[in-house]
Every structure is written in C-alpha cells, then in structure tokens.
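Worth saying up front: this structure is predicted, and the values here are computed from it rather than measured. These values consider heavy atoms only, across backbone and side chains, with no hydrogens, waters or symmetry-generated copies.
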Amino acid sequence: MSQLRLINQTEITSSVASVSVTDIFTSDYDIYKISADITSSGGDSDGSLQFLNPSGSAITSSNYAWAMLIMKSNTSFVDYKNTGTTQLDALFHGTPQGSGNIVYIFNPYSSSRFTFAIAKTIGQSSSNLRAYGGTGVLKLTDSISGFKLSFDVNATSGKIKTY
C-alpha cells in the first residue's frame, strides 16, 4: 500500500500544557507520520515527546537520546543534543503564528527494536523564519502504543494527525 492512511486526528481547542494520543501504534505498520500544526499562547513553544506504553502511561526512564538543529533567519544556527534523558526534547514547535511539524516514527510497536523519530518543523515568530530538524531514539525494546506532547509554553490550538 503506497498511500497514507489517516489513523487519528487530535484537536487542541483550549490552552493545554500537554496532549496525549493513545492507541495509535499497532503491529499493522512499522512507520508512522505525525503532522501537527500548533499555535502557542505567549511566544515560541518547544514540544517534547514521550512515548506511551500499551496501558497509556508515559515511558519516563532515562533511555531517550536526541539531537536538533535550529536554523533561524535572524541569527546563527544552533545545534543541541542530549542522551540519557526522559523525553525527546524540542521535536515539536508552536508559535503565535502557528507552525508546521512533521515527525516520522519508526518501529514503535516492535518489542525487538528501538523506536526512532525524525522531525522537521517550519515556523515563523515575529519577523523571523525558522526551521528545525532533528532525530531521536528510545533505547528500549518496549512496545509503544502512543505518544504524549508536553509544551513549555501552552499550546492554544492545533491539529495533530497520525498516518
């Protein structure tokens, strides 16, 4: 099958610090695409991702590792990375003007492989354009059934679609 199939759409309709999308990863697919358009309340918002186990609980062990390149039109590019963390930091972003996020998740339901993520974001804040690109891994072979996004500045609206 070569076409995308919409599995879930979660809408943000009020100011929230986090949002969970449960029961979307199954043994049916190895690769998932998450598309999110997120608007934040008071400035730029970084959205961190934690994977959820089949019971819907966040996996909070220090087995996440990630790297991110932030490219802003008004300043030098910056790269961040970290290992042994409890989440994948800054994979999603929101701005008062909105931002477009695409994240691919690989092997989430497999209990014999690590779960990987690749992310890219385009957004605008005030007068500067920005692009983010990054990757991350959960170095556990646990079965993953969903994800939780947590924002450092509340998200006020948006749509999160999983394919």
May I ask you to check whether Tyr163 and Tyr32 place their ring centres under 6.0 Å from each other? no

Rounded to the nearest 0.5 angstrom, the CG-CG distance for Leu52 and Asp23 is 9.0 Å

Give the intermediate values and the outcome of side chain to side chain contact (heavy atoms under 4.5 Å, CB included) for residues Ser14 and Val16. CA-CA 6 Å; Ser14 63; Val16 295; 4.1 Å; yes

How close do Thr86 and Ser62 get, heavy atom to heavy atom, and via which atoms? CG2-OG, 3.8 Å

Is any side-chain heavy atom of Phe51 less than 4.5 Å from a side-chain heavy atom of Ile105? yes

Just by distance, do the side chain of Tyr80 and the backbone of Trp66 share a donor-acceptor pair under 3.5 Å? no

Quick one: do Tyr64 and Asn82 satisfy side chain to side chain contact (heavy atoms under 4.5 Å, CB included)? Show the steps, please. CA-CA 8 Å; Tyr64 293 88; Asn82 207 343; over 6 Å; no

For residues Ile59 and Gln50, report the shortest heavy-atom separation together with the two atoms involved. O-NE2, 4.1 Å

Gap between atom CD of Glu11 and atom NZ of Lys159 - 0.5 Å precision: 5.0 Å

Return the orientation label for the Phe116 and Phe114 ring planes: parallel under 30°, perpendicular over 60°, tilted otherwise. tilted

Intermediate values then yes/no, side-chain hydrogen bond (donor to acceptor under 3.5 Å, both in side chains), Thr162 and Asn8: CA-CA 5 Å; Thr162 305; Asn8 176 280; 4.7 Å; no

Nearest heavy-atom pair of Ile160 and Ile12: which atoms, and what distance? CD1-CD1, 4.2 Å

For the residue pair Ser110 and Ser112, confirm or rule out a side-chain donor-acceptor distance under 3.5 Å. yes

Check each of Leu69, Ile102, Asn101 against Lys120 using the side-chain contact (heavy atoms from CB on, under 4.5 Å) test, and report the only one that passes. Ile102

For residues Val103 and Ile7: do they belong to one hydrophobic cluster (side chain heavy atoms under 4.5 Å, members Ile, Leu, Val, Met, Phe, Trp, Tyr)? yes

Using side-chain heavy atoms (C-beta onward) and a distance below 4.5 Å, is Phe25 in contact with Thr115? no

Report yes if some heavy atom in the side chain of Arg5 is under 4.5 Å from a heavy atom in the side chain of Tyr29; otherwise report no. yes

Identify every side-chain donor-acceptor pair in residues 135-151 under 3.5 Å, counting partners at least two apart or on other chains, and give the distances.
from: Thr135; atom 1: OG1; to: Ala117; atom 2: O; distance (Å): 2.9
from: Ser143; atom 1: OG; to: Tyr109; atom 2: O; distance (Å): 3.1
from: Ser145; atom 1: OG; to: Asn53; atom 2: O; distance (Å): 2.9

Can you get from Tyr132 to Val78 by hopping between Ile, Leu, Val, Met, Phe, Trp and Tyr side chains that sit under 4.5 Å apart? yes

Could you give the distance from OG1 (Thr121) to CE (Met71), rounded to the nearest 0.5 Å? 9.5 Å

Between the CD1 atom in Ile38 and the OG atom in Ser157, the distance rounded to the nearest 0.5 Å is 9.5 Å

Between Ala65 and Leu88, which heavy-atom pair has the shortest distance, and what is it? O-CD2, 3.4 Å

Does the side chain of Asp79 come within less than 4.5 Å of Ile70's, by heavy atoms? no

State, yes or no, whether a side-chain contact exists between Asp89 and Gln87 at a heavy-atom distance under 4.5 Å. yes

Set out, in order, the CA-CA distance, both residues' side-chain angles and the distance that settles side chain to side chain contact (heavy atoms under 4.5 Å, CB included) for Leu4 and Lys33, then state yes or no. CA-CA 9 Å; Leu4 290 177; Lys33 177 182 178 180; 4.0 Å; yes

